[in-house]
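To keep things clear, I will list the structure first and then write my remarks on it.
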Amino acid sequence: MKLSSLNIKKIDLSNIDQNYAGQDILMKIGELYQYESGIYGSGHLWTKLERIVENIIIEELDKVGCIQVDFPKLQPKKVWEQSGRWDLYTKQNDIMFTLNNNFGEYGLAPTAEECATIFAANRLLSYKNLPAIYYQISEKFRKEIRTRGYLFRPRTFVMMDAYSFDKNEEDMNKTYQLMHHAYLNIFKRLGISIIPTVSDNGTMGGKVSEEFQAITNLGEDTVLYDNEKNIGINKEVLSFENRDEYLKQLGINDISCLKEYQSVELGNNFQLGTQYSTSMGLFYKDETGKEKPYYMGCYGIGLGRIIATIIENNVIKENESVKGFSLPINIAPYKIQIVYKEDKKEFAEKLYQDLNKHGISAIIDDRIDYSLGSRIKDCYVLGTPYIAIIGNQSDGVMIEVEETKTGKKFSKTIEEIIELVSP
RNA sequence: CGGAAAGUGGCUCAACUUGGUAGAGCAUCUGGUUUGGGACCAGAGGGUUGCAGGUUCAAAUCCUGUCUUUCCGACCA
């Protein structure tokens, strides 16, 4: 990509939001735009990141046999009435945006259990069709009472939501475990330290659920983690009435060996049981031709939160002041940014072409009237992991490469650069 | 929804206490000198001070209302 086409704004890093520096940088350079509280437009970098994160999620879910589909964002009222949740979502909890016009009444999808169950029941007619897991990656809409932290808690956001259908509780449990491990693989590939925790309604109604909490110093939640036993709990569990019994169930006898972490919830999985199947009157036929309810699970991952977490966890500072951020090489939309002095333009363009030929996405800073120094500074606000600096010292063979995360510099040939940034 | 703070050119802020022609830095545009860690000189454009009402000869400034944004809390498949 030619940097001139991105039209980023020049910014002053001395006034950056210290709590959410990475996202504030993107706002200030124009790569994120807030229309109103909780409603954002994303620029090129964010959108590219979304596709990359999305692909990792798709690959890992496909590996365990999930099927990607797409459910409507504009959901008819009757669909929600079929499960009896219309009033719950529009009155008691008032979380769903609604539309009412001469076509009828609708809700903007905050989630999709109803649509998924209807979709599934139309084709999973027999026990022979089970199990099945359908997932989608799409925008969700929620009337968050209080938005927070830019893309950490907005009112519209992109989420992966999956819905599983099984014959019985035992199979549902297996599917749940399958998804648990798929999630761990996803977060591992994203380079995010994750703690699976049992969440608050794990004790209620016989339901099982877990949260996937990412360790970050700007989280909304506090988790307690037992390193040895590899068990995590949300700190809110400690305020439960039945906490002792609850902790005992998990095998936690001594709270003092739990370490406390600030975290943000990136994923949330639930065993739903037969709740939706029964309430909506949608069944499959078993071996004897009898109608049986589906045992369901639902699984969510917030993509915006993942991206925000990666960006904020990779903010780089110099002498306590924010310098920018540096994305992990396997996540970065652009692996290396080429900056050059005007009289070395030819060599810089050759490097850019060579990288392109090898399928390596690079940025070339082709803007005119920028000093080499200011061009280098802009690499940090775009999160590019490496900078290729072609200046006075350039001899046309060796290229000075800087790792933005550490500031370390190397001298490399084009071939070595290709190897360095290749996955 | 309870509590708190803030709204002044694109951005960060000043002027408000004590009412009297709305300023600076950055950014943008033009010309010139620059170009290895966010350069310099000269010039230019850009604001009905969130909105509405009130007090006053006169309101960014005082009063009332309202809207918006942010933060804390509550809430959160």
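Lettering follows sequence order; numbering is per chain, from 1.
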Closest to the side chain of A:Ser37, out of B:C71, B:C11, B:U70, is B:U70
A:Lys140 NZ/CZ over A:Phe157 ring centroid, <6.0 Å and within 45° of normal: no
First encountered from the 5' end of RNA chain B, between A:Pro110 and A:Ile145: A:Ile145
Separation between the P atoms of B:U68 and B:A22, rounded to whole Å: 30 Å
Which of A:Gln213, A:Lys235, A:Glu220 passes side chain to side chain donor-acceptor pair (under 3.5 Å) with A:Ser263? It is A:Gln213
Going 5' to 3' through nucleotides 30-37 of chain B and flagging B where a protein heavy-atom sits under 4.0 Å of the base, S where only the sugar-phosphate is that close, and - otherwise, we get ----BBBB
Could you tell me how far apart A:Arg367 (CZ) and B:A27 (P) are, to the nearest whole angstrom? 13 Å
Could you tell me the separation between the CD1 atom of A:Ile11 and the P atom of B:C26, rounded to a whole number of Å? 16 Å
Between B:C71 atom C1' and A:Glu144 atom CD, what is the distance in whole Å? 16 Å
Give a yes or no on this: more than 12 heavy atoms of other residues, nucleotides or ligands lie within 6.0 Å of atom CD of A:Glu170. no
If you check every side-chain atom of A:Arg146, which of B:G38, B:C71, B:U12 has the closest atom? B:C71
If you draw the axis of the six-membered ring of A:Tyr340, does the NZ or CZ of A:Arg375 fall within 45° of it and under 6.0 Å from the ring centre? yes
Under 3.5 Å for both donor-acceptor distances, Watson-Crick or wobble: does B:A6 have a partner, and if so which one? B:U68
Please check if the number of heavy atoms outside A:Glu342 that lie under 6.0 Å from its CD is greater than 12. yes
Sugar-phosphate only, base, or nothing, as touched by A:Gly302 at under 4.0 Å among non-hydrogen atoms: nothing
Length of the line joining A:Leu32:CG and B:U69:P, which is rounded to integer Å: 17 Å
For A:Glu265, report the nucleic acid contact type (base, sugar-phosphate, nothing); a contact means any heavy atom under 4.0 Å. nothing
Is A:Phe157 touching bases, backbone alone, or none of the nucleic acid, heavy atoms closer than 4.0 Å? nothing
Quick one: are A:Met27 and A:Tyr33 in side-chain contact, heavy atoms under 4.5 Å? no
What is the base-pairing partner of B:G43, counting Watson-Crick and G-U wobble geometry with both distances under 3.5 Å? B:C29
Measure CG/A:Asp17 against C1'/B:U12 and give the value in whole Å, please. 13 Å
Could you let me know what B:U17 is paired to, Watson-Crick or G-U wobble, both distances under 3.5 Å, or none if it's on its own? none
Integer-rounded Å distance: B:G10 P and A:Gln34 CD: 17 Å
Checking A:Asn313 against A:Thr216: is there a side-chain donor and acceptor pair closer than 3.5 Å? yes
Whether A:Glu403 and A:Lys408 form a salt bridge (side-chain N of Lys/Arg under 4.0 Å from carboxylate O of Asp/Glu) is what I want to check. no
According to the Watson-Crick and G-U wobble definitions, with both distances under 3.5 Å, which nucleotide is paired to B:A58? none
In whole angstrom, give the distance that lies between atom NZ of A:Lys10 and atom C1' of B:G38. 7 Å
Rounded to the nearest Å, what distance is computed from the CG atom of residue A:Asp24 to the P atom of nucleotide B:C11? 12 Å
Tell which nucleotide pairs with B:A22, taking only Watson-Crick or G-U wobble pairs whose two distances are both under 3.5 angstrom. none
Nucleotide opposite B:U48 in a Watson-Crick or G-U pair, distances under 3.5 Å: none
Describe the nucleic acid contact of A:Asp378 in one word from base, sugar-phosphate, nothing, applying a heavy-atom distance below 4.0 Å. base
